[in-house]
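Worksheet for the structure shown next.
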Amino acid sequence: MKKYQEVEAKYALKNLEEVIERIKLLGIEMVKEEEHQKDTYYSAPNRDFLAEEIVSEWLRIRETDRQSTLNYKLWLPVGAKIQNQCKEFETEISDVYAVKQILSHLSFAEIAIVDKVRKSWVYEKIEISIDMVQNLGSFIELEYTENIDDDQIEKINKYFDELLSKLHAQVGERDRRGYAYALIEMRKANEV
């Protein structure tokens, strides 16, 4: 069964090396060793995903050495300042160039490219990813890997906090808007 709903939390990570050492010390299973990911984000021609103060949806092509995927996320509740889950639909694509051309000819606008290196581990149904994002720095992302019911979301988010503590992670505020949004905001600030 595919999973079309996810709960995740992402934070700027202030002590990258210490957290990686802690992960090793705890014997947490590595599932992805230094994977380069290039994420190209698009906005739809019939509505601007960035028009609202709170971005609630993203369309992305992710390219890695192993595969390429097309992904759509709808963050819930739509428009809320605190979005704690999302509907996610993702599929593998065999010809990235063709898909990019299709999107371009259908007037989907490329709005950001996120270039990062990701390492991932799994601990008690939580995927722990550490991202080194070009122009943004280091981040830690926690994602619950199982299917969920709506009544589990608060419990999962509390467990994320406990896991961050167990990893001795020194983090900034929770990033609820994503790397693409941060890069777009950075670009806007530089245009002024």
Side-chain angles (χ1 to χ4, degrees), residues 1-13 16 20 23 28-51 55-76 78 83 85-123 125-148 175-187:
M1 182 173 141
K2 289 192 173 197
K3 183 179 127 188
Y4 295 116
Q5 185 172 2
E6 73 176 14
V7 177
E8 69 179 28
K10 183 185 310 173
Y11 303 85
L13 181 61
L16 171 70
I20 289 174
I23 287 170
I28 297 173
E29 175 192 2
M30 179 175 263
V31 292
K32 195 179 296 168
E33 198 175 324
E34 286 214 12
E35 178 179 71
H36 178 250
Q37 298 179 344
K38 179 183 171 191
D39 296 345
T40 306
Y41 286 82
Y42 295 87
S43 192
N46 62 327
R47 64 185 180 278
D48 180 0
F49 293 168
L50 302 174
V55 177
S56 293
E57 53 189 337
W58 289 115
L59 179 66
R60 173 197 81 207
I61 291 177
R62 171 168 290 161
E63 298 170 77
T64 72
D65 293 335
R66 295 180 302 107
Q67 68 177 2
S68 297
T69 57
L70 179 66
N71 174 289
Y72 172 79
K73 285 188 180 186
L74 177 64
W75 287 95
L76 302 170
V78 172
Q83 296 169 319
Q85 61 176 309
C86 72
K87 298 283 184 194
E88 179 178 40
F89 305 95
E90 184 169 52
T91 191
E92 195 167 335
I93 53 178
S94 61
D95 188 339
V96 174
Y97 176 79
V99 173
K100 286 182 175 183
Q101 290 303 305
I102 290 167
L103 292 174
S104 175
H105 288 337
L106 293 173
S107 299
F108 281 77
E110 185 179 298
I111 56 175
I113 296 176
V114 175
D115 199 335
K116 67 180 182 268
V117 174
R118 172 172 280 184
K119 295 180 181 184
S120 297
W121 300 261
V122 172
Y123 180 76
K125 300 180 185 177
I126 305 294
E127 182 172 321
I128 303 164
S129 294
I130 293 185
D131 294 334
M132 285 72 69
V133 185
Q134 188 175 30
N135 298 319
L136 294 179
S138 300
F139 292 80
I140 187 167
E141 179 181 289
L142 307 174
E143 180 179 339
Y144 190 71
T145 60
E146 302 286 318
N147 290 321
I148 59 166
D175 177 353
R176 295 186 182 275
R177 296 186 180 205
Y179 304 137
Y181 187 84
L183 289 170
I184 291 165
E185 288 299 298
M186 184 183 296
R187 186 174 61 222

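This structure is a prediction, so every number in the text was calculated from the model and none was measured. Heavy atoms only: backbone and side chains are in, while hydrogens, waters and symmetry mates are out.
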Quick one, [X] and [Y] - any side-chain contact, counting heavy atoms below 4.5 Å?
X: Y144; Y: I126; result: yes
X: S43; Y: F108; result: no
X: L50; Y: W58; result: yes
X: Q5; Y: I148; result: yes

Sequence neighbours excluded, the answer for salt bridge (Lys or Arg N to Asp or Glu O under 4.0 Å) partners of K87 is none
Sorted by chain and residue number, the salt bridge (Lys or Arg N to Asp or Glu O under 4.0 Å) partners of D131 (sequence neighbours excluded) come out as R118
Atom CD1 in I28, atom CH2 in W121: separation rounded to 0.5 Å?
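Rounded to the nearest 0.5 Å, the CD1-CH2 separation comes out at 9.0 Å.
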Applying side-chain hydrogen bond (donor to acceptor under 3.5 Å, both in side chains) between Y72 and each of R60, E57, E88, E90, report the one that passes.
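Single side-chain hydrogen bond (donor to acceptor under 3.5 Å, both in side chains) partner of Y72 among R60, E57, E88, E90: E57.
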- Query: Does R66 offer a backbone N or O that forms a donor-acceptor pair with the side chain of T64 under 3.5 Å?
  - Reply: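 Yes; at least one donor-acceptor contact below 3.5 Å.
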Just jot down the side-chain contact (heavy atoms from CB on, under 4.5 Å) partners of I102, sequence neighbours excluded, or say none.
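With sequence neighbours excluded, I102 shows a side-chain contact (heavy atoms from CB on, under 4.5 Å) to L106, given in chain and number order.
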| said: Between D115 and K38 (salt bridge meaning N to carboxylate O under 4.0 Å), is one present in this structure? | reply: no
ask   = Hey, is K73 close enough to E8 for a salt bridge, meaning N to O under 4.0 Å?
value =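 Between E8 and K73 there is a salt bridge, with a charged N closer than 4.0 Å to a carboxylate O.
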